[in-house]
Amino acid sequence: MTGKVLVICEKPSAAAKIAAALSAGRPNKREKHGVTYYEFSLDGKRFVVVPALGHLYTLKNTRPLHTYPMYDVEWVPIHEADRNAKRAEPFIRVIRELGKDATEFISACDYDIEGSVVAYNVLRFVCGNGAVQKAKRMKFSTLTAQELRKAYENLMPRLDFELIEAGLTRHELDWYWGMNLSKALSSAVETAEQRFVKLSAGRVQTPTLKILTEREREIEEFEPVPFWEIAVVLRIGKLKVKAQHERGRFWDKTEAERAYSSCHGHNARVTKIESRRYRRNPPTPFNLGDLQSEAYRCFGLSPIRTQQIAQDLYQAALISYPRTSSQKLPPVIGYAEIIEKLGKIGREYGRLAAMLLEQERLEPNQGKKEDPAHPAIFPTGEPPTDIRGAHLKVYDLIVRRFFSVFAPPAVVESTKLHLEIGGEPFKLSGRKILDPGWLEFYGKYASSEEVQLPDVKVGDVLKAEEWVLEEKQTQPPPRYNPASIIREMEAKHLGTKGTRGPILQTLYTRGYIAGEQIRVTELGKQVVKALAQYCPEILSEELTAKFELEMEAIQLGKKKREEVLEEAKRKLAEILEKFRLHEAEIGKKLGEAQRVARARSRVIGKCPRCGGDLRIVVSKRSKKRFAGCSNYPQCDFSLPLPQNGLLQPLEQVCPACQSPQVLVRRAGKRPYRFCLNPECPEKEKWRGK
DNA sequence: GCAAGGTC
């Protein structure tokens with residue numbers, strides 16, 4: 001053997017696949033300091049394939065961030081900057097030890113700007129000694145053996161420096177903008193009120209907050225307009241149906257009343273029947289965003305919780321890599337084999353799998369979105385052994401979705417009956433599923449419901465039972481919920497698949513937003529207002545777009561990193577200077593808003609004794625927390641609260657007893673609902689056990 | 001303290 005090749009991979013699972021592909025399935029698996037790596041020989045050389053764990057290095061300020069602006073940052077091992085990143089340390093150690101006598105280096109991280117930076121930092125900070133100049137690059141778009149081997153055969157002779165430069169710039173720009181603006185916000189409150197409030201702004205979080213604030217404004221400014229609707233309840237045999245006036249909304253009350261009195265007391269006559277058949281195509285394979293959206297719709301799981309569950313399922317080898325944006329399933333994953341294995345898991349899966357395997361062809365209905373390193377999420381076919389609760393629900397959703405994408409389209413017939421009631425035109429719409437196709441595979445997660453229509457023909461007279469004139473009001477646009485805002489972020493290219501959930505969580509943690517139906521707090525509004533005045537750039541998703549253009553220019557060699565960074569510093573200096581001049585007034589408003597938001601976040605519900613606000617209070621004497629009335633000492637109503645974990649008031653009252661509830665979040669545990677009523681019938685059940 | 005990005 002004449003040399004030693006060190007292959008650096010993005011993560012442990014990628015290292016396993018890359019080693020297997022290059023060694024034709026025969027790598028020697030080894031372990032050092034708890035890190036698994038692989039060895040084999042190839043082309044007369046000794047290969048060592050090691051994993052990173054995503055970014056092993058991060059940007060850190062070289063001196064304390066007491067004042068702004070501040071641009072002095074350096075790359076440090078991530079465990080030195082983040083106490084929760086201890087597990088990264090052994091990876092650096094292992095790579096250092098194995099790389100000592102390496103003669104060649106290959107960057108085999110994901111082929112995107114972050115992956116390029118992961119490998120580059122490892123090469124320059126861990127391997128040293130010209131590793132950067134010597135290193136070659138593997139370029140692949142999925143981690144399949146075939147493509148990995150091809151990538152090795154067509155090895156790029158040098159690192160992808162253009163991509164690396166773009167990535168380094170992205171990190172620094174985000175740090176400059178985010179840290180400095182965050183510091184400016186917090187400093188403003190400190191100047192005005194001599195107290196510290198943790199505030200933040202950033203390229204992704206702030207435009208997201210802006211979108212939510214805009215919706216808040218639309219809702220506040222919304223003026224409802226009254227309208228009238230006319231419905232007639234018809235009975236045909238056992239079937240009871242509701243026909244609507246063809247005009248839908250009447251904006252004029254007298255017109256509505258005139259139409260109502262015309263039809264009142266009359267039966268309906270069928271004047272025309274229109275029906276049309278159409279196909280509803282199967283859904284596309286899940287990427288992380290789609291899974292988060294569906295898990296929220298079907299189970300009410302928050303995007304961040306779904307992400308955790310998917311990660312757990314992935315680590316249990318039950319599903320493929322979940323942090324993907326791909327909606328495509330390449331044939332190499334082996335459709336039939338997975339479906340067969342899933343079929344053995346249970347009777348229902350068995351029945352569905354058999355139906356799919358009987359089809360002439362297995363071809364997934366793929367979506368348009370792609371991912372540089374991973375296919376869409378799919379079940380591996382491994383039998384789940386010990387999964388329960390939400391994990392089981394998400395697993396089932398993923399399996400059924402996987403089945404569905406191979407199933408035929410559903411055939412639906414929609415029918416519209418035109419009716420005449422006392423000279424007024426009415427309509428009755430129905431939907432019938434002629435062939436369920438994929439709907440049967442998606443099962444209870446499919447939303448399409450049939451609307452049954454009576455079997456009638458033109459000229460038939462249907463008996464009317466009830467005539468209804470209803471006054472309604474136009475509704476404001478709906479509030480975003482965690483799933484819909486994440487979809488919006490994706491549509492506007494804000495954040496990445498893995499960061500959208502956590503960034504939304506940051507907005508909650510800062511107290512900028514609250515509630516399942518997301519409302520922007522007074523604090524969130526004031527942050528947006530202050531930034532709108534002094535730094536409109538950070539509010540708009542265009543900053544992300546601008547960043548992308550700059551990154552592209554760097555990748556094309558049209559711009560230099562230093563140039564882009566200097567430009568950002570100049571811009572920020574200008575913005576921050578103006579901001580500082582108004583620190584006191586900005587800080588006063590932010591501080592006041594923070595108090596309002598904090599007070600509101602403690603309100604759990606109404607006091608059942610006096611109607612005041614029931615709030616979370618911490619006892620001065622015992623330091624214990626309890627729910628107390630805002631009218632204390634006039635009203636001394638109180639209830640006990642759990643003492644451990646973070647409490648989050650819930651909008652919905654307890655389904656069993658209609659009392660207010662809080663969500664209890666404890667580190668590493670599943671959040672649970674706590675009903676304030678000590679006598680809640682649900683708790684009685686538990687006591688009995 | 002404070003971002004956004006990767007990872008488990």
Side-chain angles (χ1 to χ4, degrees), chain A residues 9-15 34-36 51-61 64-70 73 75 78-79 81-92 109-110 112-122 166-190 195-209 307-316 321-324 372-374 489 494-507 509-510 527 538 543-544 547 551 568 572 668:
Chain A
C9 309
E10 182 112 353
K11 52 184 174 273
S13 65
V35 174
T36 302
L53 198 66
H55 285 298
L56 296 176
Y57 288 79
T58 191
L59 286 176
K60 191 172 182 250
N61 36 317
L65 215 171
H66 290 317
T67 57
Y68 66 90
M70 149 79 133
V73 294
W75 288 92
I78 201 160
H79 59 268
D82 179 359
R83 261 185 288 140
N84 299 319
K86 280 213 172 16
R87 61 179 179 275
E89 197 178 358
F91 283 79
I92 293 180
C109 289
D110 295 352
D112 53 29
I113 92 176
E114 297 301 331
S116 294
V117 171
V118 170
Y120 177 67
N121 282 336
V122 165
L168 297 175
T169 314
R170 201 281 305 153
H171 279 263
E172 287 199 68
L173 281 179
D174 275 339
W175 202 100
Y176 289 180
W177 282 87
M179 290 299 202
N180 281 297
L181 284 171
S182 299
K183 182 67 196 171
L185 289 169
S186 303
S187 292
V189 181
E190 245 173 335
R195 66 185 179 114
F196 180 78
V197 177
K198 196 193 278 182
L199 297 175
S200 65
R203 172 176 58 85
V204 179
Q205 62 169 266
T206 307
T208 304
L209 180 61
Q307 196 171 331
Q308 280 164 356
I309 291 172
Q311 177 69 19
D312 292 342
L313 295 174
Y314 164 65
Q315 277 169 274
Y321 188 74
R323 246 167 286 136
T324 174
H374 302 281
M489 290 170 80
L494 291 170
T496 67
K497 61 227 168 198
T499 59
R500 291 183 189 117
I503 286 173
L504 184 63
Q505 187 56 49
T506 300
L507 295 179
T509 312
R510 298 271 174 277
V527 165
I538 195 79
L543 190 65
T544 278
F547 272 31
M551 299 309 108
L572 273 165

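What you see is a predicted model, and the numbers here were worked out from it, not measured in a lab. A note on names: the letters A, B, ... follow the listed sequences, proteins ahead of strands, and every chain is numbered from 1.
- Side-chain nitrogen and oxygen atoms of A:Y314 include none within less than 4.0 Å of the OP1 or OP2 phosphate oxygen of B:dT7.
- Side-chain proximity of A:T496 to B:dG6, B:dG5, B:dT7: nearest is B:dG6.
- Comparing A:K183 and A:G498 along DNA chain B, the residue whose closest nucleotide (by nearest heavy atom) sits nearer the 5' end is A:K183.
- Within 4.0 Å (heavy atoms only), A:I503 reaches sugar-phosphate atoms of the nucleic acid but no base atom.
- Comparing B:dG5, B:dT7, B:dA3 against the side chain of A:T506 picks out B:dA3 as the nearest.
- Comparing A:L199 and A:R170 along DNA chain B, the residue whose closest nucleotide (by nearest heavy atom) sits nearer the 5' end is A:L199.
- Comparing B:dC8, B:dA4, B:dG6 by their closest approach to the side chain of A:K11 singles out B:dC8.
- Taking atom CG of residue A:L59 and atom C1' of nucleotide B:dA3, one finds them 10 Å apart after rounding to whole Å.
- Look at CG on A:L504: it is 12 Å from P on B:dA4, rounded to the nearest Å.
- Across all strands shown, A:R500 has no heavy atoms under 4.0 Å from either base or sugar-phosphate atoms.
- A:E114 places a side-chain heavy atom less than 4.5 Å from the side chain of A:R170.
- Ring geometry for A:W75 versus A:H55: interplanar angle of 30 to 60°, hence tilted.
- To the nearest 0.5 Å, atom CZ of residue A:R203 and atom CD1 of residue A:I503 are 8.0 Å apart.
- One interatomic measurement links the two molecules: CD of A:Q205 to P of B:dA4, which rounds to 4 Å at whole-angstrom precision.
- A:G495 comes within 4.0 angstrom of the backbone, heavy atoms only, and of no base.
- Here B:dT7 presents its P atom at 16 Å from CG of A:D82, a figure rounded to the nearest Å.
- Contact of the A:L53 side chain with the A:R87 side chain is registered, since non-hydrogen atoms from C-beta on lie closer than 4.5 Å.
- A:R510 has a side-chain polar atom (N or O) that falls below the 4.0 Å cut-off from OP1 or OP2 of B:dA3.
- Checked against B:dA4, B:dT7, B:dC8, the side chain of A:D110 finds its nearest nucleotide in B:dT7.
- Look at A:R323 and you'll find a side-chain N or O under 4.0 angstrom from OP1 or OP2 of B:dC8.
- Atom CG of A:D174 and atom C1' of B:dG5 are 8 Å apart (whole Å).
- Side-chain N/O atoms of A:Q315 and A:Q311 include a donor and acceptor closer than 3.5 Å.
- Distance, A:E89 CD to B:dC8 C1': 16 Å, rounded to whole Å.
- When side chains are defined from C-beta on, A:V122 does not count as touching A:F91, because their heavy atoms never get closer than 4.5 Å.
- Across all strands shown, A:V118 has no heavy atoms under 4.0 Å from either base or sugar-phosphate atoms.
- Note on A:R203: only backbone sugar-phosphate atoms sit closer than 4.0 angstrom, heavy atoms only; bases stay farther off.
- Contact annotation for A:T499: base contact, defined as any heavy-atom pair under 4.0 Å involving a base atom.
- Residue contacts for A:Y57: at a heavy-atom cut-off of 4.0 Å it reaches no nucleic acid atom on any strand shown.
- What separates CG of A:L494 from P of B:dA4 is a distance of 10 Å, to the nearest Å.
- When the C1' atom of B:dG5 is taken as reference, atom CD of A:Q307 falls 12 Å away, rounded to whole Å.
- Across all strands, A:A85 comes closer than 4.0 Å to no nucleic acid atom at all (heavy-atom distances).
- At a threshold of 4.0 angstrom between heavy atoms, the contacts of A:Q311 include nucleobase atoms, whether or not backbone atoms are also involved.
- Using a 4.0 Å heavy-atom distance criterion, A:L181 is classed as making no nucleic acid contact.
- Separating the OG1 atom in A:T206 from the CG atom in A:L181 is a distance of 7.5 Å, to the nearest 0.5 Å.
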